[in-house]
2 protein chains.
Amino acid sequence: MAAKPDQPERISEAEQAVMEALWQRSPLTAQEVCETVCGERGWSLNTVKTLLSRLVAKQAVATEPDGKRFLYSPRIARSDYVGTESRRLVDRLFGGRAAPLFAHLAKSEALTPDDIAEIEALLKELKS
Amino acid sequence: MAAKPDQPERISEAEQAVMEALWQRSPLTAQEVCETVCGERGWSLNTVKTLLSRLVAKQAVATEPDGKRFLYSPRIARSDYVGTESRRLVDRLFGGRAAPLFAHLAKSEALTPDDIAEIEALLKELKS
DNA sequence: CGTAGTCGATTACGTGTGTAAACGATGGAG
DNA sequence: CTCCATCGTTTACACACGTAATCGACTACG
């Protein structure tokens, strides 16, 4: 009976910072996550713990007991996250078409010459 | 003394729907906005009025009295909105580089052949 | 004139988010 | 054994958001 698809809950911006730490290296303890992010974001360890709990609740990270504490690891791949977020934006702003997004980036000079070269290379590859 | 830059407040998803209506045609009354969006979103007129007020507070739309009621028009250009939102995403997910976004879209088959052709054309134009 | 409809403004209320303090268990230092 | 540091859990609280009902002013119809 197909146990409800359980569509992944949305990950907030602050939560994403925690995910990034885990995507970089995992499993990590709450401490270690904090060491990675508390500096840049000016958070307390408690804040990180809260975010980790919420991510566990959202099934975005898994826990594994390690003595008295937990080790946390991502349950969703970064590329999946990136994919759904990009898609969401393209849908919301460009009617689902990627070309207008590209056009916009190009026009607003958000593309460096490096970017352009890289994209050309990708295009060539796509056509092969 | 450069009256604080007054950095534009964030426009939420529901608010964007209202903006879209105004970007399509303006100025509009609250009624008219509702006629455009209440259907698809299942909103009541009151909801639209609330969103309009919030957008006015955020300085994203301007009001102009018209007898007993108001006419609303956008104060920010859609292309600006689209620009900052795209940039925000590219920053958040791709470290500010646009090429990886493109690569991701390409890999995840979010690019149709049409998209690709269009992008090629754009590239050609960029280089000229 | 009264009164019903219509406007914008005010208030409401549940949920998510950012940020954290308080709490209770527990394991290691002395 | 006792006490302190450290875990994860629970509770907190302000603000944003989605969604809307209610209110006070005004006007147009009867």
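Every chain is numbered from 1 and lettered A, B, ... according to where its sequence line falls, protein lines coming before strand lines.
Atom CE of residue B/Met19 and atom CG of residue B/Leu51 lie 11.5 Å apart, to the nearest 0.5 angstrom. To the nearest 0.5 angstrom, A/Leu55 atom CG is 6.0 Å from A/Ile11 atom CD1. Here the CD1-CD1 distance, from B/Ile116 to B/Ile119, works out to 7.0 Å after rounding to the nearest 0.5 Å.
Judged as a ring pair (Phe, Tyr, Trp, His ring centres under 6.0 Å), not a single pair has a partner in residues 33-62 of chain B (not counting sequence neighbours). Sorted by first and then second residue, the pairs that involve residues 15-79 of chain A and meet disulfide (SG to SG under 2.5 Å), not counting sequence neighbours, are A/Cys34-A/Cys38. Residue pairs that meet the disulfide (SG to SG under 2.5 Å) test with at least one member in residues 41-94 of chain B, sequence neighbours left out, do not exist here. Residue pairs meeting the ring pair (Phe, Tyr, Trp, His ring centres under 6.0 Å) criterion with at least one partner in residues 58-103 of chain A, sequence neighbours excluded, are A/Trp23-A/Tyr81, A/Phe102-B/Phe102.
For A/Trp43 and B/Tyr72, each mapped to the nucleotide of DNA chain C holding its nearest heavy atom, the one lying further toward the 5' end belongs to B/Tyr72. Of the two residues near DNA chain C, B/Lys49 and A/Ser44, the one whose nearest nucleotide lies more 5' is B/Lys49.
For the helix from C/dC1-D/dG30 to C/dG30-D/dC1, the end axes, each set by the C1' atoms of five terminal pairs, are bent relative to each other by 30° (nearest 10°).
The nucleotide range of DNA chain C contacted by chain B, defined by atoms under 4.0 angstrom from heavy atoms of the protein and reported 5' to 3', is C/dG5 to C/dA12. Using a 4.0 Å cutoff to heavy atoms of chain A, the contacted part of DNA chain D runs 5' to 3' from D/dT6 to D/dA12.
For B/Arg10, the salt bridge (charged side-chain N to carboxylate O under 4.0 Å, His left out) partners two or more places apart in sequence, or in a different chain, are B/Glu85. In this structure, the side chain to side chain donor-acceptor pair (under 3.5 Å) partners of A/Arg75, at least two apart in sequence or on a different chain, are A/Gln59. With sequence neighbours excluded, the residues that form a side chain to side chain donor-acceptor pair (under 3.5 Å) with B/Lys58 are B/Glu15.
Contacts with DNA chain C (heavy atom under 4.0 Å) in residues 60-70 of chain A: A/Lys68, listed by number. Within residues 10-17 of chain A, the residues that place at least one heavy atom under 4.0 Å from DNA chain C are, in residue-number order, A/Ser12, A/Glu13, A/Ala14.
By the 4.5 Å heavy-atom criterion applied to side chains, A/Leu22 and A/Val33 are counted as neighbours. The side-chain heavy atoms of A/Leu71 and A/Thr29, taken from C-beta on, include a pair separated by under 4.5 Å. Taking 4.5 Å as the limit, every side-chain heavy atom of A/Val61 sits out of range of all side-chain heavy atoms of A/Ser73.
Remark: the backbone N or O of B/Leu28 is not paired with any side-chain donor or acceptor of B/Ser26 at under 3.5 angstrom. B/Gln16 contributes a side-chain N or O that, together with a main-chain N or O of A/Arg92, makes up a donor-acceptor pair within less than 3.5 Å.
Using a 4.0 Å heavy-atom cutoff across all strands shown, B/Thr29 reaches no nucleic acid atom at all.
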